[in-house]
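Notes follow the structure.
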Amino acid sequence: MAGVAEDIADVIVVGAGGSGLFAAIEAAEMGRKVLVLEKNPAPGGMTVWSVGSISSSASPMQMAVGITDTPAAHFEDMALFHGPLLSRDNPELRKVLVENVPETLRKLLDMGVVFFGPMPEPPHRVPRMHNVLPNSRAYGRALYRRARQLGVDVRLSHSVSSLILKDGRVVGVEVAKDGLNRSFYARRGVILAGGDFSANPEMKERYAGPEIALADALVKTSTGDAHRLALAVGAEIVNGDLVAGPQLRFVPPKVNLMKMLPPSRPIALLMKWAMAKLPAWLIRPFIMMFLTTVLEPQRKLYESGALLINKDGLRFSDECDKPQFSVPLQPNKEAFIVLDGRLAKMFSSWPHYISTAPGVAYAYIPDYRRNRKDIYHQANTIRGLAAKIGIPADAFENTIAHYNRSPRQGTPGLLKPPYVALGPVRSWVLTEGGLKVSTAMEVLSNDGTPIPGLYAAGATGQGGIILEGHGHHLGWAFTSGRLAARSAALYEVS
């Protein structure tokens, strides 16, 4: 092979998110020389943007509270989440996940990651959802630190442009850096762990359709680069038409206090103690800082009479008929949720909540008024509200008057001040299509045979497994990274 010594590793990992870093750690713990190439200037990938939960059976936290649970039970319960998607699930990959995620969770605990739980989430028969503390950045910090301890060579701002083939085997990668191309070679294998393709409009349109192509990505750099690398050497994407979302979510705050918390173990342990020992009324404001940031407003708002209004002051769709597909077509690809005083009072207490994290808490209008002043707007008149959210007052007044003449069935219309606007909201999507893989995380070609030397993990290598329910995406990301690394590290070089 060409190249100088520092350009050769046993295993090359493309992507320094959760799946890529876990793969690097596993391979390094097996005594392999590992190189990680990340196109972004910082590690973490989609993992640091996640809610942060992992669902697992047979965890130390379950055992501590007397819960007896097994991977077999987890396997059965996962299927209950899938509904009509069950026929499209890959049960072999689901089995691989549930049997190996307990060890993944234990390895995270060994790295110092702190969890609160387990929390219940039906139809899981027992609590299995483990929530990271203080936030999902704790994963990135722990994984990157462990990788560096093991001597993993992590190179940031290195964008992989293509795979290198020799006699039909993937033996390395070409990297674009500072306008120059450079070759890196792998003695045993290359692992693709570059996330999903939710920020690639062309791929979204090709696999999921033009409506999905218009929705925003939660992570702007999730452009499907790793998928593209594999497709160029004969790989196949499965379930490319499946997406998480689109979902209408509030734009994130410019200053997120919960995400700003240093992801240190002492802070996490303090939070865990507080959540277990302090009264709910005392810790609720801190939970609300998180809850009013990352989750979607509930459909019940619209069913009760709330409207979606665009920047032109117009109502543009039936709010109960897939508005997530209409919002991307509006000016600035955004809209506001408008309520009157009746609805604001209704959604201030149980059972009418704005958003929820299952098993954690519920957020109401007062929580948004207190924690999201940037997206909470209130006025005593429609014209006054128009001025606060920067939309044309005449058009807004006409829109509300027209709606009040024929309000949603069973509702009186928007008649009672004060008037409230929440937003803007935007439509967000995560793609679920991944490279077709074996249970050893080998990337498979169109004819179903492994592409020698090539492996995939995380969203890149989702391979047909359906990951409905909280905690399964992260569980798959970390676990598939571990398994891909074991296969690549053990690859017998002829």
Side-chain angles (χ1 to χ4, degrees), residues 211 214-216 245-254 292-293 295-348 352-355 363-369 371-429:
E211 289 183 316
L214 294 171
D216 288 325
Q247 292 180 338
L248 291 183
R249 298 190 182 212
F250 297 113
V251 296
K254 293 182 179 178
T292 54
T293 298
L295 299 178
E296 65 177 320
Q298 299 295 295
R299 175 187 170 92
K300 188 68 176 176
L301 268 172
Y302 312 126
E303 293 175 345
S304 301
L307 298 185
L308 282 169
I309 303 295
N310 67 17
K311 291 288 286 185
D312 292 332
L314 305 176
R315 184 187 182 203
F316 51 88
S317 73
D318 180 347
E319 292 79 5
C320 294
D321 186 17
K322 300 180 179 179
Q324 64 271 30
F325 292 104
S326 302
V327 168
L329 301 174
Q330 306 312 306
N332 294 349
K333 301 174 71 171
E334 63 188 28
F336 294 89
I337 303 173
V338 177
L339 307 83
D340 70 345
R342 175 189 70 88
L343 286 173
K345 182 177 180 181
M346 176 187 296
F347 283 86
S348 292
H352 299 100
Y353 51 86
I354 304 293
S355 56
Y364 303 96
I365 281 287
D367 299 308
Y368 279 89
R369 183 170 59 237
N371 293 302
R372 291 301 308 273
K373 292 180 173 63
D374 58 319
I375 63 165
Y376 182 90
H377 318 274
Q378 180 176 316
N380 288 324
T381 65
I382 294 296
R383 297 189 72 87
L385 187 60
K388 290 202 171 185
I389 60 179
I391 65 175
D394 289 343
F396 189 28
E397 276 193 326
N398 289 336
T399 295
I400 299 302
H402 182 270
Y403 173 73
N404 285 340
R405 287 193 291 270
S406 182
R408 186 176 299 281
Q409 185 175 3
T411 70
L414 301 179
L415 302 169
K416 183 177 180 180
Y419 298 95
V420 173
L422 298 175
V425 293
R426 295 176 71 94
S427 189
W428 310 92
V429 68

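Both backbone and side-chain heavy atoms feed into the values below; hydrogens, waters and symmetry mates do not. In this text, all values refer to a predicted model and were calculated from it rather than measured experimentally.
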Counterpart residues, salt bridge (Lys or Arg N to Asp or Glu O under 4.0 Å), relative to [X] (two or more places apart):
X    : answer
R342 : none
D374 : R372
E211 : none

Report yes if some heavy atom in the side chain of [X] is under 4.5 Å from a heavy atom in the side chain of [Y]; otherwise report no.
X    : Y    : answer
V327 : F316 : yes
W428 : Q324 : no
F325 : S317 : no
L248 : L308 : yes

Would you find a donor on one side and an acceptor on the other, under 3.5 Å apart, between the side chain of [X] and the backbone of [Y]?
X    : Y    : result
R315 : T399 : no
Y403 : R408 : yes
H377 : A387 : no
R369 : Y376 : no

* With sequence neighbours left out, write down each residue that passes ring-ring contact (aromatic ring centres under 6.0 Å, His included) with F347, or none if nothing qualifies. =>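 Residues passing ring-ring contact (aromatic ring centres under 6.0 Å, His included) with F347: H352.
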
As an exercise, state the distance from [atom1] of [X] to [atom2] of [Y], rounded to the nearest 0.5 Å.
X    : Y    : atom1 : atom2 : value
R249 : S355 : CZ    : OG    : 10.5 Å
T381 : F396 : OG1   : CZ    : 9.5 Å
M346 : D340 : CE    : CG    : 9.0 Å
L385 : I309 : CG    : CD1   : 10.0 Å
L307 : L314 : CG    : CG    : 12.0 Å
Y302 : I337 : OH    : CD1   : 3.5 Å

I need the minimum non-hydrogen distance between [X] and [Y], along with the two atoms involved.
X    : Y    : result
K333 : D216 : NZ-OD1, 3.1 Å
D312 : A395 : O-CB, 3.4 Å
S427 : P246 : OG-CB, 3.1 Å
F336 : I391 : CE1-CG2, 4.5 Å
S348 : I365 : OG-CB, 3.8 Å
L422 : F250 : CB-CE2, 3.7 Å

Scan the side chains in residues 412-420 for donor-acceptor partners under 3.5 Å anywhere in the protein, sequence neighbours excluded, and list what turns up.
unit_1, atom_1, unit_2, atom_2, d
Y419, OH, L415, O, 3.1

* Would you call E334 and R426 a salt bridge, taking side-chain N to carboxylate O under 4.0 Å as the test? ->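 Salt bridge flag = yes for R426 with E334.
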
* To do: Sort and list the pairs that fulfil side-chain hydrogen bond (donor to acceptor under 3.5 Å, both in side chains) and have at least one residue in residues 383-397, not counting sequence neighbours.
  =>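 Every pair satisfying side-chain hydrogen bond (donor to acceptor under 3.5 Å, both in side chains) with a residue in residues 383-397: R383-D394, R383-E397.
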
